[in-house]
Amino acid sequence: MVSENVLLQPYNTFGIAAMARYFASFAGKDELVDLLDDPRSSQLPHMILGGGSNILFTQDYNGLVLKNELKGMTLVGEDNDYVYVKAGAGENWHRFVQYCIAQNLAGLENLSLIPGNVGASPMQNIGAYGVEIKDTFHELEALHLEDRRVVTFNNADCHFGYRESIFKKEYRHQFVILSVTYRLSKKPHFNTSYGAINQELERMGVKDLSIQAISQAVINIRSSKLPDPAKIGNAGSFFKNPAVDAAKYATLKTAFPNISAYPLDNGEYKLAAGWLIEQCGWKGYRQGDAGVHALQALVLVNYAHATGSEIYALSQQVLDSVAEKFGVQLEREVNIV
Ligand code: FAD
Ligand code: EPU
């Protein structure tokens, strides 16, 4: 059923009170195709909404918002080392991670508690605590919006990069992801390379490492510094961590010896954008109801009634000040609508 003039506030974790001209949910592919053919909206733009945890609405949406409710989690294959688990795009991500962990299937434990749905996970190749989904992604099925074909994409097809995929670039707004299949390991390969995990495991008194313990450590770390969207509106990191070449890094390191960065395989250095933003004095800043989180400067927040354009304007001020102080151009990670 297509509803008209729907308030999007409950559907985005920033809690922005934008309106959608038309809004509908779909729980099956045929239902989706019918909605795409609906005469009221077929001439207007369409957008797919998952959990709304990586979106900033800067204005009302004059088109059809399609809320993905495709459910189901199934074991679809197995070999000596791996089990293949397929999930509907509308399944909650953390519920899916917990489903895998409960069956002792390893690979997603470091990605515990990331908000949003399974269908958005390949969009920006979600990542946290030393792991990205590209490490376990097997394939996905997606509906082409124009010709209505269902296409299967394997790992290489998706062109995964840091917070990137083909669906944010060449194929932007062209496909609806219907399901995603992950390849989980029967034998875990623990990844505790991210310093904070080992510290937390020690604090928890963990003697025998397990995927359950890693998941709990990640949950504890995330809960301690990332704002809960149920309490303060936000979409996680607002910007990406920028990479700079070795010469630029050397110049920055001389001028700012405490700079937070780590080397990449290609010779570049990844800078912690949170550190750059904090050094510009933004951490804990508040302007009306728009702000920069007091515990994590990479996260912009909506305390209650900020508009999307106020948050966006604040993000521009942050971008400009980082460019001026460090000569580094930040890029927004959140999808701006
Ligand atoms: P949405 O916000 O609904 O959509 C995101 C984009 O994908 C939109 O452009 C939308 O149109 C498109 N889209 C969604 N579903 C589909 C589909 N089925 N087919 C086609 N297009 C689709 N991200 C990380 O990578 N790592 C983190 O550690 C992390 N931490 C976070 C912490 C907090 C507190 C919050 C609020 C966010 C965090 N995020 C993190 C960002 C966010 O959780 C992820 O980007 C997540 O994958 C978004 O899922 P979603 O379902 O909410 O997507
Ligand atoms: N830092 C500061 N000040 C701050 C914030 C961070 O100095 O206000 C420094 C920290 O001290 C640390 C470094 O920056 O040395 C990295 O901080 P943190 O471990 O919190 O991670 P991050 O780089 O800020 C990234 C991801 C997160 C992901 C975490 C854990 C991006 C854009 N963000 O944040 O992803 O959860 O690592 O892996 O890559 C998201 O994408 O929405 C997200 C939350």
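Values below: every heavy atom of this structure, side chains too, minus hydrogens, waters and symmetry copies. Numbering of ligands and ligand atoms starts at 1, following listing order.
Between the side chains of Arg332 and Tyr312, at least one donor-acceptor pair of N or O atoms lies under 3.5 Å. Counted by atom type alone, Gln59 and Tyr61 present zero donor-acceptor pairs between their side chains at under 3.5 Å.
Of the candidates Pro227, Gly50, Ala120, it is Ala120 that places a heavy atom closest to atom 49 (O) of ligand 1. Taking all heavy atoms of Leu226, Ile48, Ile55 into account, the minimum distance to atom 13 (N) of ligand 1 is reached by Ile48. Nearest-residue assignment for atom 26 (N) of ligand 1 (options Ala128, Ser179, Gly127; heavy-atom criterion): Gly127. Residue Pro115 holds the heavy atom nearest to atom 46 (C) of ligand 1 of all those in Pro115, Ser112, Gly52, Ser237.
With Thr307 contributing its side chain and Glu310 its backbone, the two residues share a donor-acceptor pair below 3.5 Å. Using a distance-only test at 3.5 Å, with no hydrogens or angles considered, a donor-acceptor pair links the side chain of Asn234 to the main chain of Ile232.
Scanning all protein heavy atoms for the shortest distance to atom 5 (C) of ligand 1 gives Asn335 ND2, 3.7 Å. Closest to atom 2 (O) of ligand 1, if we only count protein heavy atoms, is Asn54 N, 2.8 Å. When hydrogens are left out, the protein atom nearest atom 40 (C) of ligand 1 is Ile114 CG2, 3.8 Å; that is the closest non-hydrogen contact. Among protein heavy atoms, the minimum distance from atom 23 (N) of ligand 1 is reached at Gln124 NE2, 3.2 Å. The single protein non-hydrogen atom nearest to atom 44 (C) of ligand 2 is Ser237 OG, 3.2 Å, given as residue, atom name and distance. Looking from atom 26 (C) of ligand 2 to the surrounding protein, the closest heavy atom is Arg163 NH2, 3.3 Å. At the top of the distance list for atom 8 (O) of ligand 2, counting protein heavy atoms only, stands Ala297 N, 2.8 Å. Considering only non-hydrogen protein atoms, atom 48 (C) of ligand 1 sits nearest to Ser53 OG, 3.3 Å. Atom 32 (C) of ligand 1 has Arg222 NH2, 3.3 Å as its closest protein atom, hydrogens excluded (heavy atom only). Scanning the protein heavy atoms around atom 41 (O) of ligand 2, the nearest turns out to be Glu333 OE2, 2.6 Å. From the protein, the heavy atom lying nearest to atom 20 (C) of ligand 1 is Phe175 O, 3.4 Å. What sits closest to atom 17 (O) of ligand 2 on the protein, heavy atoms only, is Gln296 NE2, 4.2 Å. With respect to atom 1 (N) of ligand 2, the closest heavy atom belonging to the protein is Trp275 N, 3.8 Å. Among all protein heavy atoms, the one lying closest to atom 21 (N) of ligand 1 is Met123 SD, 3.6 Å. Here the heavy atom of the protein found nearest to atom 21 (O) of ligand 2 is Tyr194 OH, 3.3 Å. Counting protein heavy atoms only, atom 36 (O) of ligand 2 is closest to Arg222 NH1, 3.5 Å.
Between Arg183 and Asp135, none of the side-chain N atoms (NZ, or NE/NH1/NH2) sits under 4.0 Å from a carboxylate O, so this pair counts as no salt bridge. Salt-bridge formation is not detected for the pair Lys71/Glu91: no Lys NZ or Arg NE/NH1/NH2 atom is positioned less than 4.0 Å from an Asp or Glu carboxylate oxygen. Using a cut-off of 4.0 Å between Lys/Arg side-chain N and Asp/Glu carboxylate O, Lys248 and Glu268 are scored as not salt-bridged. The pair Lys86-Glu139 does not count as a salt bridge, with every side-chain nitrogen at least 4.0 angstrom from each carboxylate oxygen. Using a cut-off of 4.0 Å between Lys/Arg side-chain N and Asp/Glu carboxylate O, Glu170 and Arg172 are scored as not salt-bridged. Salt-bridge check for Arg163 with Glu333: passed, with a basic side-chain N closer than 4.0 Å to an acidic carboxylate O.
Of all the heavy atoms of Phe239, the ones lying under 4.0 Å from any atom of ligand 2 belong exclusively to the backbone. Counting heavy atoms closer than 4.0 Å to ligand 1, residue Phe167 contributes nothing at all. Counting heavy atoms under 4.0 Å from ligand 2, residue Ser260 touches it through the side chain alone. Proximity of Asn234 to ligand 1, defined as any heavy-atom pair under 4.0 Å, is shared by backbone and side chain alike.
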Derivation of the side-chain contact (heavy atoms from CB on, under 4.5 Å) call for Ile177 and Met123
CA-CA 9 Å; Ile177 296 170; Met123 291 295 297; 3.9 Å; yes

Kindly determine whether Val2 and Leu35 satisfy side-chain contact (heavy atoms from CB on, under 4.5 Å), including the steps that lead there.
CA-CA 8 Å; Val2 179; Leu35 288 166; 3.6 Å; yes

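Within the 4.0 Å heavy-atom cutoff, His293 does not count among the residues contacting ligand 2. Judged by the shortest distance from any of its heavy atoms, Glu132 lies outside the 4.0 Å radius around the atoms of ligand 1.
Sparse packing is recorded around OH of Tyr171, with 12 or fewer heavy atoms of other residues, nucleotides or ligands lying under 6.0 Å away. Within 6.0 Å of CZ in Arg148 there are more than 12 heavy atoms belonging to other residues, nucleotides or ligands. In Lys240, the NZ atom is crowded: over 12 heavy atoms of neighbouring residues, nucleotides or ligands sit closer than 6.0 Å.
Atom numbering of ligand 2 starts at 1 in the shown order; those under 4.0 Å from a heavy atom of Tyr162 are 31 (C), 32 (C), 39 (O). For ligand 2, the atoms closer than 4.0 angstrom to any heavy atom of Ala272 are 13 (C), 14 (O). Those atoms of ligand 2 with a heavy atom of Asn241 less than 4.0 angstrom away are 23 (O), 31 (C), 32 (C), 39 (O). Every atom of ligand 2 with a heavy atom of Glu278 under 4.0 Å away is listed here by number and element: 2 (C), 3 (N), 4 (C), 7 (O), 8 (O). Numbered from 1 in the order shown, with element, the atoms of ligand 2 that lie under 4.0 Å from a heavy atom of Lys283 read 3 (N), 4 (C), 8 (O). Near Gly236, the atoms of ligand 2 lying under 4.0 angstrom from a non-hydrogen atom of the residue are 42 (O). Ligand 2 places these atoms under 4.0 Å from at least one heavy atom of Tyr129: 30 (C), 38 (O). Residue-ligand proximity, Ala128 to ligand 2, at heavy-atom distances under 4.0 Å covers atoms 36 (O), 38 (O).
Per-atom contact check: atom 32 (C) of ligand 2 touches the protein, criterion being a heavy-atom distance below 4.0 Å.
With Trp282 as the partner, the side-chain contact (heavy atoms from CB on, under 4.5 Å) test is satisfied by one option alone out of Leu276, Val318, Leu298: Val318. Among Asp60, Asn5, Asn62, the single residue meeting the side-chain hydrogen bond (donor to acceptor under 3.5 Å, both in side chains) criterion with Arg21 is Asn62.
Between Gly51 and ligand 1, a contact under 3.5 Å exists for at least one N or O pair. Here's the thing with Ile177: one of its N/O atoms is less than 3.5 angstrom from an N/O atom of ligand 1. Between Thr13 and ligand 1, no pair of N/O atoms sits closer than 3.5 Å.
Aromatic pair Phe167/Phe153: centroids less than 6.0 angstrom apart. Ring to ring, Tyr269 and Tyr262 are not that close: their centroids are 6.0 angstrom or more apart.
The aromatic rings of Tyr182 and Phe96 are tilted relative to each other, their planes meeting at an angle between 30° and 60°.
At a threshold of 4.5 Å between side-chain heavy atoms, the hydrophobic network of Ile, Leu, Val, Met, Phe, Trp and Tyr places Val176 and Phe137 in two separate groups.
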